[in-house]
Participant: 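Just passing along the structure, written as structure tokens.
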Amino acid sequence: TGVLEEEANLINRAFVFRNRTGRPWGILKWAMSFDGRTGLPNGSSKWISCSESRRNVHCLRSKCDAVIVGGETVRTDNPLLTSRGIAKKEPLRVVFSSSLQFPSNSKLWDTKQAKTLICYGPDSETSLLNDLPDGPEKILLEESSPTKLLEVLAKKGCNQVLWECGSLLATNAIQENCVQEIRLFLAPKILGGVSAMTPLADFGFESMEQVIRLKEFSCFKKEEDFVLNMVLDNSF
């Protein structure tokens with residue numbers, strides 16, 4: 001017994017984590033400049049990372065059961081959220097929103113290539129769902145929280161999910177322990193701007209003893225970008 005135990009645990013940790021906690025293993029991904037910006041003050045963000053880094057994101061999606069975004073990402077980026085054919089079965093595309101104010105022409109509404117799931121809380125204006133096509137599945141959550149969302153995805157068999165969301169949802173997901181791992185694409189660019197975008201919102205920390213610590217740090221290069229992978233200290 002115990003042969004290659006550490007390696008076996010690493011390979012199966014998403015499955016083990018779901019069975020222990022009732023939630024999938026969460027990976028939070030973002031790309032940013034060397035000065036910590038995810039976009040310019042005017043909202044422009046294409047492209048911070050290089051083409052090889054973006055392909056790495058497609059590979060990362062192919063290893064996840066679901067990709068999660070918020071309503072703001074749908075409205076501003078109109079993402080496709082697929083692995084671009086790397087995965088034989090594309091990950092479930094999950095939109096987590098409280099307002100349900102979506103554009104009618106979003107790429108996510110076409111479910112021929114990949115399935116789409118819209119999750120919303122009890123305070124959402126559900127009449128807006130009537131304006132959407134029939135393709136996406138819609139699920140009402142007990143409450144509008146990342147935890148309840150992941151509990152639903154776990155029941156759907158999701159072991160590992162990828163958060164590709166904005167700063168507010170990303171921060172909420174971390175606060176509710178719905179993020180266990182961070183994949184950061186660091187581009188050798190300086191964007192500047194006092195009001196430029198940042199990857200996370202305010203956690204409300206008042207001392208260094210409160211901050212979130214990272215472990216299992218690794219780093220490699222993709223063309224000119226650095227790719228950092230880190231596990232949160234509270235992952236188990």
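Residue numbers count from 1 along this sequence. Values in this document were obtained by computation on a predicted structure and should not be read as measured data.
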Participant: Is any side-chain heavy atom of I118 closer than 4.5 Å to one of E137?
Facilitator: no
Participant: Between V94 and C119, which heavy-atom pair has the shortest distance, and what is it?
Facilitator: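 It is CG1-SG, 4.5 Å.
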Participant: With a 4.5 Å cut-off on side-chain heavy atoms, are P79 and K107 touching?
Facilitator: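 No - every pair of side-chain heavy atoms lies 4.5 Å or more apart.
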Participant: Could you walk me through whether E216 and M230 satisfy the side-chain contact (heavy atoms from CB on, under 4.5 Å) test, starting with their C-alpha distance in whole Å, then the side-chain angles of each, then the deciding distance to 0.1 Å, before giving a yes or no?
Facilitator: CA-CA 6 Å; E216 296 184 30; M230 299 151 282; over 6 Å; no
Participant: Could you please spell out the steps behind the side-chain contact (heavy atoms from CB on, under 4.5 Å) verdict for I48 and L191?
Facilitator: CA-CA 9 Å; I48 292 178; L191 275 59; 4.3 Å; yes
Participant: Let's go through L232 and E181 carefully: what are the C-alpha distance in whole Å and the side-chain angles of both, what is the deciding distance for side-chain contact (heavy atoms from CB on, under 4.5 Å) to 0.1 Å, and is it a yes or a no?
Facilitator: CA-CA 6 Å; L232 277 67; E181 187 177 348; 5.9 Å; no
Participant: Identify the two heavy atoms, one from F102 and one from S97, that lie closest to each other, and give their separation to 0.1 Å.
Facilitator: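 Minimum heavy-atom contact is CZ-CB, 3.5 Å.
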Participant: Search all heavy atoms of G70 against all heavy atoms of C165 and return the closest pair with its distance.
Facilitator: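 Taking every non-hydrogen atom into account, N-CB, 4.2 Å.
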Participant: State, yes or no, whether a side-chain contact exists between S51 and E223 at a heavy-atom distance under 4.5 Å.
Facilitator: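 Answer yes - side chains close enough.
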Participant: Hey, could you give me each pair passing ring-ring contact (aromatic ring centres under 6.0 Å, His included) that has a residue in residues 140-181? Not counting sequence neighbours.
Facilitator: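 Sorted pair list comes back empty.
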Participant: When you check the side-chain N and O atoms of S53 and D225, is any donor under 3.5 Å from an acceptor?
Facilitator: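 Side chains of S53 and D225: pair found under 3.5 Å.
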Participant: Can you tell if the side chain of F96 reaches within under 4.5 Å of the side chain of S144, non-hydrogen atoms only?
Facilitator: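 They are in contact (side-chain heavy atoms under 4.5 Å apart), so the answer is yes.
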Participant: Cation over ring, R18 on W25, under 6.0 Å and within 45°?
Facilitator: no
Participant: On a heavy-atom basis, which atom in C219 and which in F226 lie closest, and how many Å separate them?
Facilitator: SG-CD2, 4.1 Å
Participant: Using the side-chain contact (heavy atoms from CB on, under 4.5 Å) rule, take L92 and T116 through it: C-alpha gap first, then chi angles, then the decisive distance, then the call.
Facilitator: CA-CA 6 Å; L92 177 65; T116 300; 5.9 Å; no
Participant: Can you find a pair of side-chain heavy atoms, one from V16 and one from N9, that are under 4.5 Å apart?
Facilitator: no
Participant: Return the minimal non-hydrogen interatomic distance between W109 and P133, and the atom names on each side.
Facilitator: CB-CG, 3.4 Å
Participant: Are V211 and L214 co-members of a hydrophobic cluster defined by side-chain heavy atoms under 4.5 Å apart?
Facilitator: yes
Participant: So, E125 side chain and S99 main chain: donor-acceptor pair closer than 3.5 Å or not?
Facilitator: no
Participant: Do NZ/NE/NH1/NH2 and the carboxylate oxygens of K148 and E143 come within less than 4.0 Å?
Facilitator: no
Participant: Determine whether K29 and L162 make a side-chain contact, defined as any pair of heavy atoms from C-beta on separated by less than 4.5 Å.
Facilitator: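 Heavy-atom side-chain distance check passes, below 4.5 Å.
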Participant: Working note: K189 + E224, criterion salt bridge (Lys or Arg N to Asp or Glu O under 4.0 Å); need CA distance, chi angles, decisive distance, verdict.
Facilitator: CA-CA 10 Å; K189 301 172 183 176; E224 69 266 28; 5.4 Å; no
Participant: Using modelled atom types and a 3.5 Å cut-off, is there a donor and acceptor pairing between side-chain atoms of T73 and backbone atoms of V69?
Facilitator: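 Answer holds: no.
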Participant: How long is the span from the OG atom in S218 to the CG atom in L228, to the nearest 0.5 Å?
Facilitator: 7.5 Å
Participant: Between S83 and E90, do the side chains contain a donor N or O and an acceptor N or O under 3.5 Å apart?
Facilitator: yes
Participant: How about I27 and Q180: do any of their side-chain heavy atoms sit closer than 4.5 Å?
Facilitator: no
Participant: Does L184 reach the side chain of V227, with side-chain heavy atoms less than 4.5 Å apart?
Facilitator: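 Side chain of L184 against side chain of V227, heavy atoms only: no contact under 4.5 Å found.
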Participant: Measuring from S62:OG to K89:NZ, what's the distance to the nearest 0.5 Å?
Facilitator: 14.0 Å
Participant: Going only through I, L, V, M, F, W and Y residues with side-chain contacts under 4.5 Å, is there a path from V179 to V152?
Facilitator: yes
Participant: Going by atom types alone, do R23 and T21 pair a side-chain donor with an acceptor below 3.5 Å?
Facilitator: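 Not at all, the side chains of R23 and T21 share no donor-acceptor pair under 3.5 Å.
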Participant: Looking at K156 and E151, does any basic side-chain N land under 4.0 Å from a carboxylate oxygen?
Facilitator: no
Participant: How close do G193 and P41 get, counting heavy atoms only, and between which atoms?
Facilitator: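 It is CA-CG, 4.1 Å.
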